[in-house]
Amino acid sequence: MGKQTWKAGTFVYPIPAVLVSCGDEKEKNVLTIAWTGTICTDPAMTYISVRKERYSYDIIKRTGEFCINLTNEELAYATDFCGVKSGKNIDKFKEMNLTPERATFIKAPMIKESPVSIECRVKEIKELGSHDMFIAEVLAINVDEKYMDETGRFDMQKCKLIAYSHGQYYKLGEKIGKFGYSVKKK
């Protein structure tokens with residue numbers, strides 16, 4: 001058996017399924033994004049890719065900021081709902097019982113139920129085709145204290161984060177190693 005060759009497409013899976021909150025005093029919304037990631041560590045930068053026809057696109061473009069909220073097993077239903085319903089006609093915060101929480105540096109709300117909320121300010125918008133990429137500087141990371149261990153370290157495994165893979169949501173499994181374990185002296 002060998003590998004089959006398929007037409008060009010996107011197939012880098014699994015990827016994070018996150019809730020992106022945006023807006024200000026005038027209007028707010030939350031949408032699901034699976035196309036996000038790290039760009040740079042110094043300065044800390046990230047991105048989200050959003051279709052122009054999405055309701056949140058114009059909000060993010062107008063305000064120049066957004067918040068990436070990591071999702072977990074408890075937020076799986078809301079994550080899916082916020083990805084298939086438009087905020088143009090409904091308040092997704094209200095429909096999904098999500099609590100908008102004041103951020104530290106941006107006007108866009110954080111989502112209280114999220115284990116990690118990342119405050120972002122747009123630096124550049126790249127028009128790429130089906131999606132535009134909002135390249136952003138990370139201004140702050142807000143973590144829920146209930147996921148801290150006894151040493152004061154954030155325990156990501158306690159969060160029960162979820163991932164998206166080819167149309168499906170998955171629980172993340174157990175830790176199998178850590179950075180550098182392949183070269184660590186025994």
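Sequence positions, counted from 1, serve as the residue numbers for this chain. A quick note: this is a predicted structure, and the numbers were derived from the prediction, not measured.
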Taking every non-hydrogen atom, the tightest pair across [X] and [Y]:
X	Y	result
Val12	Ile15	O-CG2, 3.0 Å
Val50	Ile33	CG2-CD1, 3.8 Å
Met96	Cys82	CG-SG, 4.2 Å
Pro100	Leu98	CD-O, 3.3 Å
Ser114	Leu75	CA-CD1, 3.8 Å
Pro109	Cys67	O-CB, 3.7 Å

Quiz item: Got a sec: does the OH of Tyr77 have more than 12 other heavy atoms crowding it under 6.0 Å?
Solution: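 No - once you tally the heavy atoms of other residues, nucleotides and ligands closer than 6.0 Å, there are 12 at most.
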Quiz item: Would you find more than 12 non-hydrogen atoms of other residues, nucleotides or ligands less than 6.0 Å from Glu53 atom CD?
Solution: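 For Glu53, atom CD is crowded (more than 12 foreign heavy atoms under 6.0 Å).
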Contact check, side chains of [X] and [Y], non-hydrogen atoms, under 4.5 Å:
X	Y	result
Thr32	Val84	no
Val138	Phe105	no
Trp35	Thr10	yes
Tyr169	Asp80	yes
Lys175	Met156	no
Thr46	Thr36	yes
Met148	Arg153	no
Leu31	Lys92	yes

Which distance, rounded to the nearest 0.5 Å, do you find between the [atom1] of [X] and the [atom2] of [Y]?
X	Y	atom1	atom2	answer
Asp149	Gln157	CG	CD	12.0 Å
Cys22	Ile60	SG	CD1	4.5 Å
Glu73	Lys160	CD	NZ	5.5 Å
Tyr147	Lys158	OH	NZ	10.0 Å
Glu95	Lys85	CD	NZ	8.5 Å
Gln168	Tyr13	CD	OH	10.5 Å

Quiz item: When you check the side-chain N and O atoms of Thr63 and Asp24, is any donor under 3.5 Å from an acceptor?
Solution: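 The criterion, which ignores hydrogens and geometry beyond distance, is not satisfied for Asp24 and Thr63.
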Exercise. Start with the C-alpha gap between Lys107 and Glu25, add the side-chain angles, then the distance that decides, and say whether side-chain contact (heavy atoms from CB on, under 4.5 Å) holds.
Key: CA-CA 8 Å; Lys107 290 184 175 129; Glu25 303 84 21; 3.5 Å; yes
Joint cluster assignment, [X] & [Y], ILVMFWY side-chain distance < 4.5 Å:
X	Y	value
Val143	Phe66	yes
Phe154	Leu172	yes
Leu161	Ile68	yes
Phe134	Val20	yes
Val122	Ile106	no

Exercise. Determine, stepwise, if the pair Lys28 / Phe93 fulfils side-chain contact (heavy atoms from CB on, under 4.5 Å).
Key: CA-CA 9 Å; Lys28 67 181 182 314; Phe93 278 97; 3.9 Å; yes
Practice problem: Kindly state whether the ring of Trp6 and the ring of Phe11 have centres lying under 6.0 angstrom apart. | Solution: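 Here the rings of Phe11 and Trp6 have centres that are less than 6.0 Å from each other.
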Quiz item: Is the distance between the ring centroids of Tyr57 and Tyr55 less than 6.0 Å?
Solution: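 No, they do not, as the ring centres are separated by 6.0 Å or more.
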Quiz item: Just one of Lys52, Arg51, Lys61 clears the salt bridge (Lys or Arg N to Asp or Glu O under 4.0 Å) bar with Glu127, so which one?
Solution: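 It is Lys52; the other options fail the test.
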Quiz item: Do Glu74 and Glu113 pass the side-chain contact (heavy atoms from CB on, under 4.5 Å) test, and can you show the C-alpha distance, the side-chain angles, and the key distance before you say yes or no?
Solution: CA-CA 9 Å; Glu74 293 173 17; Glu113 293 77 12; over 6 Å; no
Quiz item: With distance as the sole test, does Glu119 use its side chain to make a donor-acceptor pair with the main-chain N or O of Ala140 at under 3.5 Å?
Solution: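 A pair under 3.5 Å: no.
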Quiz item: Would you say Glu101's side chain and Ile111's backbone share a donor-acceptor pair under 3.5 angstrom?
Solution: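 Here the side-chain-to-backbone pair does not exist.
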Quiz prompt | Option passing side chain to side chain donor-acceptor pair (under 3.5 Å) with Ser117 (candidates Asn142, Thr104, Asp144, Asn69) | solution =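 Only one of Asn142, Thr104, Asp144, Asn69 forms a side chain to side chain donor-acceptor pair (under 3.5 Å) with Ser117, namely Asn69.
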Quiz item: Does the side-chain contact (heavy atoms from CB on, under 4.5 Å) test come out yes or no for Tyr47 and Thr38, once each step is laid out?
Solution: CA-CA 7 Å; Tyr47 76 94; Thr38 301; over 6 Å; no
Quiz item: Is Arg121 salt-bridged to Glu137, cutoff N-O under 4.0 Å?
Solution: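 Salt bridge flag = no for Glu137 with Arg121.
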Self-check item: Under-4.0 Å salt bridge between Glu27 and Arg62
Solution: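 A salt bridge links Glu27 with Arg62.
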